Amino acid sequence: NSLAYMPSSTHGRSFVEVHPAYDLAFLYREPAEVLVSQARMPGAWTVTSALEPAIFGVPPAGVFSLPRYEYRARGMARMCEAALACRESGRGLLVNYDELPGFVCDTLPQHFGLRLEAKERERMRCVAGSDAKVPTAAYADDRQAKRQAVTPELQAQVERWLAPRY
């Protein structure tokens with residue numbers, strides 16, 4: 001039993017409590033880069049009404065008054081807390097974005113106890129070379145452009161909600 005991604009704790013319970021038989025690999029990168037990326041092409045979890053606000057530690061009455069970047073930062077903070085709790089349980093593996101794509105073909109299968117054939121590894125390398133949000137496009141390193149797009153307001157949210165967890 002294994003999962004490659006866990007977006008957040010579930011109603012205040014940790015991933016470990018909700019899924020005791022599963023392992024986790026949590027991909028992380030510079031938080032400000034993630035927030036810039038989510039502003040450009042938002043994931044479903046960033047839609048204020050998509051999840052119960054309590055999952056992100058936001059009171060239901062105040063969820064719609066929060067600036068979008070704060071809601072995203074608070075959501076990411078909860079995701080990081082869930083990943084850290086899983087790692088502390090001994091079943092979580094934290095993966096820095098800088099380790100890609102090599103990690104996907106080597107360490108990830110080992111973490112989940114998989115033995116891949118050469119053909120399977122080659123397919124994984126091919127997929128790992130694609131853009132995660134636009135799989136038909138080749139991966140392009142956009143970290144510098146995202147760092148340049150960080151506003152003072154966004155950086156303040158990173159410092160408040162994410163820096164202690166990153």
Side-chain angles (χ1 to χ4, degrees), residues 2-20 22-104 107-108 111 128 131-135 137 139-166:
S2 53
L3 291 176
Y5 177 72
M6 176 59 192
S8 68
S9 61
T10 304
H11 301 285
R13 296 183 300 159
S14 73
F15 174 84
V16 176
E17 293 169 322
V18 176
H19 304 286
Y22 288 83
D23 289 332
L24 167 85
F26 184 83
L27 178 64
Y28 68 96
R29 70 188 289 187
E30 176 62 43
E33 293 173 16
V34 176
L35 291 174
V36 167
S37 179
Q38 290 301 318
R40 291 178 177 170
M41 189 178 284
W45 67 270
T46 69
V47 177
T48 308
S49 60
L51 299 170
E52 289 186 39
I55 292 172
F56 292 161
V58 177
V63 72
F64 291 105
S65 64
L66 283 180
R68 177 77 60 167
Y69 53 82
E70 181 177 348
Y71 180 79
R72 290 178 181 140
R74 291 175 77 156
M76 281 181 53
R78 293 293 270 216
M79 290 179 210
C80 292
E81 289 167 2
L84 290 169
C86 194
R87 184 193 65 180
E88 290 171 11
S89 77
R91 296 197 333 267
L93 179 64
L94 303 183
V95 184
N96 189 293
Y97 188 80
D98 293 338
E99 296 178 57
L100 297 178
F103 167 85
V104 173
T107 309
L108 183 66
H111 176 70
D131 184 290
K133 290 185 178 178
V134 185
Y139 166 80
D141 188 344
D142 61 355
R143 291 177 282 185
Q144 187 60 34
K146 286 181 179 167
R147 287 182 197 128
Q148 291 174 343
V150 175
T151 64
E153 295 83 9
L154 188 140
Q155 187 60 42
Q157 295 303 318
V158 168
E159 294 302 320
R160 180 175 180 193
W161 298 105
L162 294 158
R165 292 154 185 91
Y166 180 73

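Only a predicted model underlies this, so the values are computations on that prediction, with no experimental measurement involved.
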Asker: Decide yes or no for Thr107 and Leu93: does some side-chain heavy atom of the first lie under 4.5 Å from some side-chain heavy atom of the second?
Answerer: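 In short, these two side chains touch, coming nearer than 4.5 Å.
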Asker: Any idea which heavy atoms bring Ala39 and Arg72 closest together, and the distance?
Answerer: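 For Ala39 and Arg72, the tightest heavy-atom pair comes out as CA-NH1, 3.4 Å.
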Asker: Are side-chain heavy atoms of Met76 and Trp45 found at a separation under 4.5 Å?
Answerer: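 Yes, at least one pair of side-chain atoms sits under 4.5 Å.
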Asker: Distance from Asp141 atom CG to Lys146 atom NZ, nearest 0.5 Å?
Answerer: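 If we round to the nearest 0.5 Å, Asp141:CG and Lys146:NZ are 9.0 Å apart.
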Asker: Which atoms form the tightest heavy-atom contact between Arg165 and Ala77, and what is the distance?
Answerer: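 Scanning both residues, the minimum pair turns out to be CD-O, 3.5 Å.
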Asker: What heavy-atom pair brings Ile55 and Arg78 nearest, and what distance separates the two atoms?
Answerer: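 In terms of heavy atoms, the two residues are closest at O-NE, 3.0 Å.
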Asker: At their closest point, which heavy atom of Arg74 faces which heavy atom of Gly57, and how far apart are they?
Answerer: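 Shortest heavy-atom contact: NH2-O, 2.8 Å.
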Asker: Answer yes or no: is there a side-chain heavy-atom contact under 4.5 Å between Phe26 and Arg87?
Answerer: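 Contact flag for Phe26/Arg87 side chains = no.
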Asker: Any non-hydrogen side-chain atom of Glu70 less than 4.5 Å from a side-chain atom of Trp161?
Answerer: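 They are in contact (side-chain heavy atoms under 4.5 Å apart), so the answer is yes.
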Asker: Any heavy-atom pair between the side chains of Val150 and Leu35 that's under 4.5 Å?
Answerer: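 SC-SC contact between Leu35 and Val150 ruled out.
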Asker: Less than 4.5 Å apart, side chain to side chain, heavy atoms only: is that true for Ser37 and Lys133?
Answerer: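 SC-SC contact between Ser37 and Lys133 confirmed.
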Asker: Kindly give the heavy-atom pair with the smallest separation between Ala44 and Ala50, and that separation in Å.
Answerer: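 Closest pair (atom of Ala44, atom of Ala50, distance): O-CB, 3.4 Å.
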Asker: Decide yes or no for Thr48 and Phe64: does some side-chain heavy atom of the first lie under 4.5 Å from some side-chain heavy atom of the second?
Answerer: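 Touching, per the 4.5 Å side-chain cut-off.
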Asker: Show the nearest heavy-atom pair for residues Gln38 and Gly43, with the distance to one decimal.
Answerer: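 So the two residues come closest at OE1-N, 2.6 Å.
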Asker: Measuring from atom CZ of Arg143 to atom OH of Tyr97, what distance do you get when rounded to the nearest 0.5 angstrom?
Answerer: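 Here the interatomic distance stands at 6.5 Å.
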Asker: Regarding Gln155 and Glu159, do their side chains bring together a donor and an acceptor under 3.5 Å, going by distance alone?
Answerer: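 Their side chains do contain a donor-acceptor pair, which is all the 3.5 Å distance test asks for.
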Asker: How long is the span from the CG atom in Leu154 to the CZ atom in Arg68, to the nearest 0.5 Å?
Answerer: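 Here the rounded value is 13.5 Å.
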Asker: Looking at Asp142 and Arg29, is any side-chain nitrogen of the basic one under 4.0 Å from a carboxylate oxygen of the acidic one?
Answerer: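 A salt bridge is present here (some side-chain N lies under 4.0 Å from a carboxylate O).
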Asker: What distance do Glu30 atom CD and Asp98 atom CG have between them, rounded to the nearest 0.5 Å?
Answerer: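 So the gap between those two atoms works out to 10.0 Å.
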Asker: Heavy atoms, side chains only, cut-off 4.5 Å: are Leu27 and Leu100 in contact?
Answerer: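 Touching, per the 4.5 Å side-chain cut-off.
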Asker: Going from OH on Tyr28 to CG on Leu84, what distance comes out if it is rounded to the nearest 0.5 angstrom?
Answerer: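 Those atoms lie 9.5 Å apart.
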